[in-house]
Amino acid sequence: MSEVPSTVRELRLVVTADDYDEALRFYRDVLGLPERAAFASDGGRVTILEAGRATLEITDPNHAAFIDEVEVGKRVAGHIRVAFEVDDSTATTARLAEAGADVIAEPTRTPWNSLNSRLEAPGSLQLTLFTELGDQGDEED
């Protein structure tokens, strides 16, 4: 297959949150996503937060069920789940839980050698936090 040149410059996930202030506090102030820009319209607000490098992960229902089984132990995610790579998924999970996220599953080592947790966060987003273990995968926790 011939390679098609990419015309996409940025992936932007847009979340409509009923409690805008709580969602902004959670993602910007607790998770630590830097604010790039903020705009207001008549009665409305939007803030754009930087989230590092973006990728779009496409999975079929069978593999999505496998991921849920590994991370949570059962099928729980809808058709969209947001995953953030963080330096320490255990500490970040605890920090986000203290800030109001519901922990669906505590961090667990995956077959692909990362430490993943699952949370329900403001804006009705299901989050996976993952830390790549690299060479640490052979060590005991």
Side-chain angles (χ1 to χ4, degrees), residues 1-137 139-141:
M1 176 159 52
S2 65
E3 189 172 315
V4 177
S6 178
T7 58
V8 176
R9 299 290 176 245
E10 177 180 346
L11 171 65
R12 186 172 293 178
L13 177 67
V14 179
V15 176
T16 302
D18 289 332
D19 190 337
Y20 172 87
D21 291 320
E22 172 59 17
L24 183 59
R25 181 193 70 81
F26 183 86
Y27 293 104
R28 182 189 62 200
D29 303 337
V30 180
L31 185 56
L33 301 180
E35 186 173 315
R36 179 196 295 174
F39 305 97
S41 60
D42 291 338
R45 298 175 287 166
V46 61
T47 301
I48 300 168
L49 303 174
E50 295 286 344
R53 179 179 58 101
T55 60
L56 180 60
E57 180 175 319
I58 308 293
T59 185
D60 65 24
N62 289 337
H63 195 75
F66 173 72
I67 293 168
D68 277 2
E69 183 65 35
V70 167
E71 292 182 3
V72 181
K74 62 182 179 179
R75 186 74 173 119
V76 294
H79 79 286
I80 294 177
R81 175 178 49 84
V82 179
F84 290 107
E85 181 178 6
V86 297
D87 290 335
D88 183 341
S89 56
T90 301
T92 305
T93 298
R95 192 171 78 248
L96 296 186
E98 289 174 12
D102 294 324
V103 176
I104 298 169
E106 294 290 339
T108 185
R109 182 170 287 160
T110 68
W112 44 92
N113 205 24
S114 62
L115 192 62
N116 295 21
S117 66
R118 188 74 67 90
L119 303 100
E120 184 75 26
S124 299
L125 284 179
Q126 197 167 107
L127 306 180
T128 291
L129 301 179
F130 68 99
T131 300
E132 298 294 353
L133 297 175
D135 293 336
Q136 301 173 37
E139 298 174 7
E140 293 295 319
D141 286 336

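Excluded from the calculations below are hydrogen atoms, water molecules and symmetry mates; all remaining heavy atoms, backbone and side chain alike, are included. Residues: numbered from 1 along the sequence shown.
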Check Ala101 against Ala121 and note the closest heavy-atom contact, atom names and distance. CB-CA, 4.4 Å
Under the 3.5 angstrom rule, does the side chain of Arg45 hit a backbone N or O of Ala38 as a donor-acceptor pair? no
Can you tell me which residue pairs pass the side chain to side chain donor-acceptor pair (under 3.5 Å) test with a partner in residues 47-57, sequence neighbours excluded? Tyr20-Thr47, Arg36-Glu50
With rounding to the nearest 0.5 Å, note down the distance linking OG1 in Thr110 to CH2 in Trp112. 5.0 Å
Intermediate values then yes/no, side-chain contact (heavy atoms from CB on, under 4.5 Å), Glu132 and Asn113: CA-CA 7 Å; Glu132 298 294 353; Asn113 205 24; 5.9 Å; no
Distance in Å, Ile58 CD1 paired with His63 NE2, rounded so as to fall on 0.5 Å steps: 12.5 Å
What distance do Leu115 atom CG and Thr92 atom OG1 have between them, rounded to the nearest 0.5 Å? 10.5 Å
side-chain contact (heavy atoms from CB on, under 4.5 Å) between Lys74 and Ile104, intermediate numbers included: CA-CA 11 Å; Lys74 62 182 179 179; Ile104 298 169; over 6 Å; no
Which heavy-atom pair separates Leu33 from Ala51 by the least distance, and what is that distance? CD2-CA, 4.0 Å
Could you check whether Arg25 pairs with Glu22 (Lys NZ or Arg NE/NH1/NH2 to Asp/Glu carboxylate O, under 4.0 Å)? yes
Side chains of Phe84 and Thr128: closer than 4.5 Å at any heavy-atom pair? no
Return the minimal non-hydrogen interatomic distance between Ala97 and Leu119, and the atom names on each side. N-CD2, 4.5 Å
Report the C-alpha separation of Val82 and Leu13 in whole Å, then their side-chain angles, then the decisive distance to 0.1 Å, and conclude whether the side-chain contact (heavy atoms from CB on, under 4.5 Å) test is met. CA-CA 9 Å; Val82 179; Leu13 177 67; 3.2 Å; yes
Is the CG atom of Asp87 crowded by more than 12 outside heavy atoms at less than 6.0 Å? no
Show the nearest heavy-atom pair for residues Glu35 and Leu49, with the distance to one decimal. CA-CD2, 3.8 Å
Which atom names give the shortest non-hydrogen contact between Tyr27 and Pro122, and what distance separates them? OH-O, 2.6 Å
Which atom pair, heavy atoms only, marks the closest approach of Gly123 to Val15? O-CG1, 3.8 Å
Who passes side chain to side chain contact (heavy atoms under 4.5 Å, CB included) against Asn62, sequence neighbours left out? Asp60
Evaluate the side-chain proximity of Pro111 to Phe66: yes if any heavy-atom separation is below 4.5 Å, no if none is. yes
Can you measure from CD1 (Ile67) to CG (Asn116) and round to the nearest 0.5 angstrom? 9.0 Å
Test side chain to side chain donor-acceptor pair (under 3.5 Å), reference Ser117, set Thr108, Thr93, Thr131, output is Thr93
Going from CG on Asp19 to OG on Ser124, what distance comes out if it is rounded to the nearest 0.5 angstrom? 11.0 Å
Passes side-chain contact (heavy atoms from CB on, under 4.5 Å), Arg12 versus Ile48? Steps please. CA-CA 9 Å; Arg12 186 172 293 178; Ile48 300 168; 3.3 Å; yes
Heavy-atom distance under 4.5 Å between the side chains of Leu127 and Arg81, does that happen here? no
Could you give the distance from CG (Leu96) to OG (Ser89), rounded to the nearest 0.5 Å? 11.0 Å
Partners passing side chain to side chain contact (heavy atoms under 4.5 Å, CB included) against Arg75 (at least two apart in sequence or in another chain): Ala64, Ala65, Asp68, Ala77
